[in-house]
Amino acid sequence: MYTQLRETADELAGVLWREHTVYRERGGGVVIRGEHVRRWISLGPTGGKDQALLRAGRLLDGGTTAPARTEVVVDLKAGTAELAAVCRRMLAEVAAVAEPAPATATRAGRSAEPGKQRKPGRTARAARPGRPRRERHTSLGSFVVLLCVAGVLGAWLYNLFGGGYGY
């Protein structure tokens, strides 16, 4: 099954993207990475003959793969053109989910009235250059607790070994 998935993935990658990387994933499937479009496609075994689980997602900033946004079971007997069409549709769905929707609604989900203009949003404040933050590993309260514990332990040891009447 792996060789069939690998061959299909190689053909599919050549049709979809000029620049791509094809590699094997842990579960026995094959991943096609398109770094320039920041997307990935995975072909995995489903248990059925000549079927594969096709998943698509996006690549995050560090190059790690985000969880799959869409999944579909495809028939590997279909031609490369049909599989490429399914992949393009899935990649379009991933791109639509990844891009933020235009902000047409105001607070509480109400739409803006057509006659009113929206006020521009507040800009983020710059970080204040004040003094560097002191990092205290152990607070004063912790020292007080430690002193109390040490005092109780010392009193117990004194009572046990040296301060008693020799009971």
Side-chain angles (χ1 to χ4, degrees), residues 1-139 142:
M1 183 70 178
Y2 173 72
T3 56
Q4 184 180 12
L5 287 176
R6 178 69 185 211
E7 290 170 0
T8 305
D10 284 333
E11 293 173 8
L12 200 55
V15 171
L16 292 174
W17 299 315
R18 284 189 305 258
E19 300 173 24
H20 60 270
T21 305
V22 179
Y23 62 92
R24 183 174 185 207
E25 66 181 347
R26 291 183 194 152
V30 181
V31 178
I32 307 167
R33 288 174 68 110
E35 297 285 341
H36 62 292
V37 292
R38 301 180 55 84
R39 303 284 180 262
W40 61 267
I41 296 173
S42 169
L43 287 159
T46 60
K49 185 171 179 160
D50 293 329
Q51 289 185 339
L53 177 65
L54 191 65
R55 298 169 44 212
R58 59 190 181 100
L59 296 176
L60 301 177
D61 289 334
T64 59
T65 57
R69 297 283 183 164
T70 59
E71 294 182 351
V72 68
V73 176
V74 293
D75 188 13
L76 293 178
K77 289 181 182 176
T80 306
E82 290 85 6
L83 290 175
V86 171
C87 287
R88 286 188 184 108
R89 187 180 72 238
M90 291 176 66
L91 291 169
E93 290 174 14
V94 168
V97 171
E99 294 178 8
T104 57
T106 59
R107 282 192 196 179
R110 289 179 259 145
S111 60
E113 295 180 25
K116 289 188 177 182
Q117 291 183 357
R118 293 187 59 206
K119 294 180 184 177
R122 290 179 52 181
T123 58
R125 292 189 337 190
R128 291 189 296 181
R131 65 181 188 172
R133 187 177 146 206
R134 282 180 31 193
E135 293 195 26
R136 184 180 298 154
H137 294 289
T138 309
S139 67
S142 297

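The figures here come from the full heavy-atom set of this structure, side chains too, leaving out hydrogens, waters and symmetry mates.
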On a heavy-atom basis, which atom in [X] and which in [Y] lie closest, and how many Å separate them?
{"X": "Cys87", "Y": "Leu54", "answer": "SG-CD2, 3.6 Å"}
{"X": "Leu5", "Y": "Ala52", "answer": "CD2-CB, 3.7 Å"}
{"X": "Asp75", "Y": "Leu83", "answer": "O-CD2, 4.0 Å"}
{"X": "Trp40", "Y": "Val31", "answer": "CB-CG1, 4.4 Å"}
{"X": "Leu91", "Y": "Ala56", "answer": "CD2-CB, 4.4 Å"}

Task: Separation between CD of Glu7 and OG1 of Thr80, rounded to the nearest 0.5 Å - done: 11.0 Å
side-chain contact (heavy atoms from CB on, under 4.5 Å) against [X], all qualifying residues, sequence neighbours excluded:
{"X": "Val37", "answer": "Trp17, Arg39"}
{"X": "Thr21", "answer": "Tyr23, Arg33"}
{"X": "Val22", "answer": "Arg6, Ala9, Asp10, Ala13, His20, Val30, Ile32"}
{"X": "Glu82", "answer": "Ala78"}

Task: Contact list for residues 44-56, test salt bridge (Lys or Arg N to Asp or Glu O under 4.0 Å), sequence neighbours left out - done: Asp50-Lys77, Arg55-Glu71
Open item on the list: With salt bridge (Lys or Arg N to Asp or Glu O under 4.0 Å) as the rule and sequence neighbours excluded, what pairs involving residues 11-31 come up?
Closed with: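 The answer is none; no pair qualifies.
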TODO: Could you tell me whether the side chain of Ile41 reaches within less than 4.5 Å of the side chain of Met90, counting heavy atoms only?
DONE: no
Open item on the list: For Leu59, is there any backbone N or O sitting under 3.5 Å from a side-chain donor or acceptor partner on Arg38?
Closed with: yes
TODO: With sequence neighbours excluded, tell me which residues meet side chain to side chain donor-acceptor pair (under 3.5 Å) with Gln51.
DONE: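 Side chain to side chain donor-acceptor pair (under 3.5 Å) list for Gln51, sorted by chain: empty.
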